[in-house]
Asks: 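Please read through the structure below; I'll follow up with questions.
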Amino acid sequence: MKPSRVLLIAILATAAFYIGSFAVLGDSYPTIESSGEEVVAWFAANARAARTYAWCAAFISLGLVIVGGQVCALLPRTHAYIFLGGMLIWAVTAQVQAWFWAALAYRPEDLTPAVAGVVFDIPNYWGPLVNGASAAMAAPLVVLGLGDSTRVPRWLGWLSLVFLAEQSIETITVFGQTGFLAPGGTMNLYVGGILGFAWFGGVIRWAMKELDQAG
């Protein structure tokens, strides 16, 4: 199988698990604004969904590492290390965030509202902190795409710059508490998520072409 086909399958499978992990939670899952009582009630009623969400994270991380390894093969060594470092941090952060959800779903009947609220607050900060890893992935492509190198097309350099800027700004959600700027809220999940999908799509489009030419 051609490397480009492997890359396409890996990113499509990763995207499917990523979308599926949120779809399985439904639209009533708790947020950082939920009370401890609401967190306990949700995990007691949706323990299987929370565990499925965590299970998906394992395959999301696997897919990200496969994709990261293939993209890195197309980059100069230093740039490749920075890109892969960001990808690995992203993959690990996804797993850490998910295992808190799985733990809360293990024995929800034993949770007190105060404990549940504090434990649930921890994974909500994955959004503000994973932005640093996303920025690390985008940065090498900005340098290569907008510098003197012809290794990366200029359109991908500009797209990477937009993504880098948005992810850097998005770190302010670590200070948010409610609404749009809340950790794990709209800015993290939707603004960053949509732009992230667009950026990944651009990277995959470029990488597939390069892998085909190299093969």
Side-chain angles (χ1 to χ4, degrees), residues 1-31 42-43 45-74 83-105 123-124 126-131 133-138 141 156 159-160 162-163 166-167 170 183-212 215:
M1 185 181 294
K2 295 195 301 184
S4 61
R5 186 64 58 85
V6 174
L7 177 61
L8 179 61
I9 292 173
I11 195 64
L12 290 177
T14 303
F17 275 108
Y18 186 80
I19 295 171
S21 68
F22 285 98
V24 74
L25 296 179
D27 58 2
S28 63
Y29 59 87
T31 69
W42 188 89
F43 277 94
N46 299 276
R48 183 178 294 276
R51 287 193 291 267
T52 302
Y53 173 79
W55 175 76
C56 287
F59 295 97
I60 293 169
S61 296
L62 172 62
L64 288 174
V65 172
I66 293 172
V67 171
Q70 289 188 293
V71 173
C72 283
L74 303 172
F83 182 92
L84 185 59
M87 186 70 80
L88 292 176
I89 294 171
W90 218 107
V92 171
T93 304
Q95 291 190 329
V96 171
Q97 191 263 354
W99 76 44
F100 276 95
W101 281 68
L104 286 166
N124 275 307
W126 76 272
L129 299 181
V130 81
N131 295 143
S134 301
M137 288 187 286
L141 300 181
L156 183 54
L159 179 59
S160 298
V162 172
F163 183 54
E166 189 279 332
Q167 289 292 286
E170 197 176 315
T186 302
M187 190 174 190
N188 287 151
L189 292 181
Y190 297 103
V191 176
I194 292 171
L195 186 54
F197 268 106
W199 178 75
F200 264 109
V203 172
I204 298 305
R205 176 187 173 189
W206 164 74
M208 287 183 63
K209 181 179 179 181
E210 292 295 309
L211 287 170
D212 283 339

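Position 1 is the first residue of the sequence; numbering continues from there.
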Asks: What distance separates Trp55 CH2 from Ile60 CD1, expressed to the nearest 0.5 Å?
Replies: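 If I round to the nearest 0.5 Å, the distance is 10.5 Å.
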Asks: Under 6.0 Å between ring centres: does that hold for Phe197 and Tyr18?
Replies: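 For Phe197 and Tyr18, the ring centres are under 6.0 Å apart.
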Asks: Under the criterion side chain to side chain contact (heavy atoms under 4.5 Å, CB included), I'd like the reasoning laid out for Tyr53 against Gln97: C-alpha separation, chi angles, the key distance, then a yes or no.
Replies: CA-CA 10 Å; Tyr53 173 79; Gln97 191 263 354; 2.9 Å; yes
Asks: List the steps, then state whether side chain to side chain contact (heavy atoms under 4.5 Å, CB included) holds for Leu141 with Phe163.
Replies: CA-CA 11 Å; Leu141 300 181; Phe163 183 54; over 6 Å; no
Asks: Could you report the tightest heavy-atom contact between Leu7 and Ala207, atom names first, then the distance?
Replies: CD2-CB, 3.5 Å
Asks: Ignoring hydrogens, what is the shortest heavy-atom contact between Phe83 and Gly68? Give both atom names and the distance.
Replies: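 Reported closest heavy-atom pair: CE2-CA, 4.0 Å.
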Asks: Determine whether Leu211 and Leu74 make a side-chain contact, defined as any pair of heavy atoms from C-beta on separated by less than 4.5 Å.
Replies: yes
Asks: Could you tell me which non-hydrogen atom of Ala102 sits nearest to which non-hydrogen atom of Ala54, and how far apart they are?
Replies: CB-CB, 3.7 Å
Asks: Could you list the residues that satisfy salt bridge (charged side-chain N to carboxylate O under 4.0 Å, His left out) with Lys2, not counting sequence neighbours?
Replies: Asp212
Asks: Report the distance from atom CG of Asn131 to atom CD of Glu170, rounding to the nearest 0.5 Å.
Replies: 4.0 Å
Asks: Check the pair Phe43, Tyr29 against side chain to side chain contact (heavy atoms under 4.5 Å, CB included), reporting the backbone distance first and the verdict last.
Replies: CA-CA 9 Å; Phe43 277 94; Tyr29 59 87; over 6 Å; no
Asks: Quick check: closest heavy atoms across Ala98 and Ala57, and the distance to 0.1 Å?
Replies: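 That closest heavy-atom pairing would be CB-CB, 3.4 Å.
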Asks: To the nearest 0.5 angstrom, please state how far the CZ atom of Phe17 sits from the OG1 atom of Thr52.
Replies: 11.0 Å
Asks: Mind checking the CD-CH2 spacing from Gln167 to Trp199? Nearest 0.5 Å is all I need.
Replies: 9.0 Å
Asks: Do Leu64 and Thr14 touch side chain to side chain, with heavy atoms closer than 4.5 Å?
Replies: yes
Asks: Using the rule given for side chain to side chain contact (heavy atoms under 4.5 Å, CB included), can you reason through Ile204 versus Val67, listing the C-alpha separation, both sets of side-chain angles and the distance that settles it, and then say yes or no?
Replies: CA-CA 9 Å; Ile204 298 305; Val67 171; 3.9 Å; yes
Asks: When rounded to the nearest 0.5 angstrom, what distance separates CE in Met137 from CD1 in Ile89?
Replies: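 If I round to the nearest 0.5 Å, the distance is 9.0 Å.
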Asks: How far does CH2 of Trp42 sit from OG of Ser28, to the nearest 0.5 angstrom?
Replies: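 With rounding to 0.5 Å, CH2 (Trp42) is 7.0 Å from OG (Ser28).
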Asks: Quick one: closest heavy-atom pair of Val65 and Ala91, and the distance?
Replies: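 Shortest heavy-atom separation between Val65 and Ala91 comes out as CG2-CB, 4.3 Å.
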Asks: State, to 0.1 Å, how close Pro128 and Asn188 come at their nearest heavy-atom pair, and which atoms those are.
Replies: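 Minimum heavy-atom contact is CD-OD1, 3.5 Å.
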